[in-house]
Amino acid sequence: MQITFYGVRGSIASPGPTTIKYGGNTSCVHVRTRSGMNLILDAGTGIRKLGMRLARHSEPLLLLLSHGHWDHIQGYPFFGPIYQKDREIVVCQGVEGNDGPLRALLEQMDGLSFPVRAGALPSTMTVINEVADYPSQQSFGFRRRTLNHPGGGYAYYIEEDGVSIVYITDNELNPPGEITTSYAEWVDFCRGVDLMIHDAQYDESDMPAKHGWGHSLISQVRQLAVDAQVKNLVMYHHDPERTDSELDEIAIESARFFKSKNSPIGSFIAAEGLTIDLKARKDAKVSTVDLHARTP
Ligand SMILES: [Zn+2]
Ligand SMILES: [Zn+2]
């Protein structure tokens with residue numbers, strides 16, 4: 001399984017001189033399974049560049065949206081494969097009847113906010129409720145959990161050949177109001193996975209002002225990684241204000257934290273172009289590719 005990050009920012013795209021190293025595009029992660037399935041986790045502005053790669057071949061595409069907020073859908077009108085005739089885009093919308101994220105994705109292409117209407121696209125969109133409904137999908141295991149986030153949403157667990165990842169963005173581990181998934185349930189969901197990708201938008205200085213906004217503290221995410229005994233952690237969905245040098249500092253702090261816990265967890269800061277190859281259980285080969293130097 002190969003995981004490549006195309007957009008790592010939360011809330012809004014934030015290009016500029018202070019975000020060159022980690023990138024300013026919003027949420028989009030590409031997971032290519034060994035069986036040749038392309039899973040696209042969210043359609044933030046990072047999906048534009050992923051589309052350039054995917055448009056070059058005809059492998060199946062399965063889009064999984066965490067939820068319908070702008071930073072998870074806004075790149076879709078610029079996703080090249082949707083303009084390809086005879087191309088099928090399969091979207092898994094989750095629990096039947098919950099068409100909010102899908103509507104958010106398509107209604108932005110209304111001729112007003114974007115010149116091309118969704119109904120005029122030459123590609124075909126197939127909507128399924130469960131990944132298992134996808135006829136050619138037999139090779140990977142899949143589960144979801146509901147996010148602690150305003151308006152809700154889904155976290156995903158994907159497993160193939162004994163290699164497992166979780167994608168948990170826009171999730172507040174310790175929300176002030178109603179808890180849809182408890183901390184103990186998150187520990188259970190993430191237990192022992194090879195790679196945990198988790199929202200790490202805030203640091204202590206953001207609190208208490210942003211308590212309840214649906215994002216986690218970096219320190220809480222590190223603790224979850226320890227409690228769930230994950231193999232590797234990628235801190236994701238960076239605050240648009242978080243600079244490259246602050247993220248470098250967070251990387252150092254995180255290494256120090258895991259060392260203090262005698263934990264073997266590999267910890268990484270999500271960056272555009274970061275590619276992680278998970279070859280087999282307990283064998284995570286991690287490599288970094290700089291998108292600014294090379295297109296993955
Ligand atoms: Zn977000
Ligand atoms: Zn959100």
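Order of listing sets the numbers, starting from 1, for every ligand and every atom in it.
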With a cut-off of 2.8 Å, does any N, O or S atom of D170 fall short of it relative to the Zn ion (ligand 2)?
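Of the N, O and S atoms in D170, at least one lies under 2.8 Å from the Zn ion (ligand 2), which means yes.
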Residue from Y156, Y157, Y167 passing ring pair (Phe, Tyr, Trp, His ring centres under 6.0 Å) with F142:
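Result for ring pair (Phe, Tyr, Trp, His ring centres under 6.0 Å) with F142: Y156.
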For the residue pair H149 and H67, does the interplanar ring angle fall in the parallel (under 30°), tilted (30 to 60°) or perpendicular (over 60°) class?
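H149 and H67: perpendicular rings.
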If you round to 10 degrees, what value do you get for the angle at the Zn ion (ligand 1) between H72 atom NE2 and D71 atom OD2?
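Rounding to the nearest 10 degrees gives 100°.
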Any side-chain to backbone donor/acceptor pair from D71 onto I12? Under 3.5 Å, distance only.
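Looks like no, no N/O pair under 3.5 Å.
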N232 (side chain) donor-acceptor with M196 (main chain) under 3.5 angstrom
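Checked: no pair found.
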With the Zn ion (ligand 2) as the point of reference, which N/O/S atom of [X] is the closest?
| X | value |
| --- | --- |
| H67 | NE2 |
| H149 | NE2 |
| H69 | ND1 |

Note: E59-R32 ion pair, threshold 4.0 Å (strictly below)
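Result for this pair is yes, salt bridge flagged.
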Would you say H237 reaches the Zn ion (ligand 1) with an N/O/S atom under 2.8 Å?
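A backbone or side-chain N, O or S atom of H237 is under 2.8 Å from the Zn ion (ligand 1).
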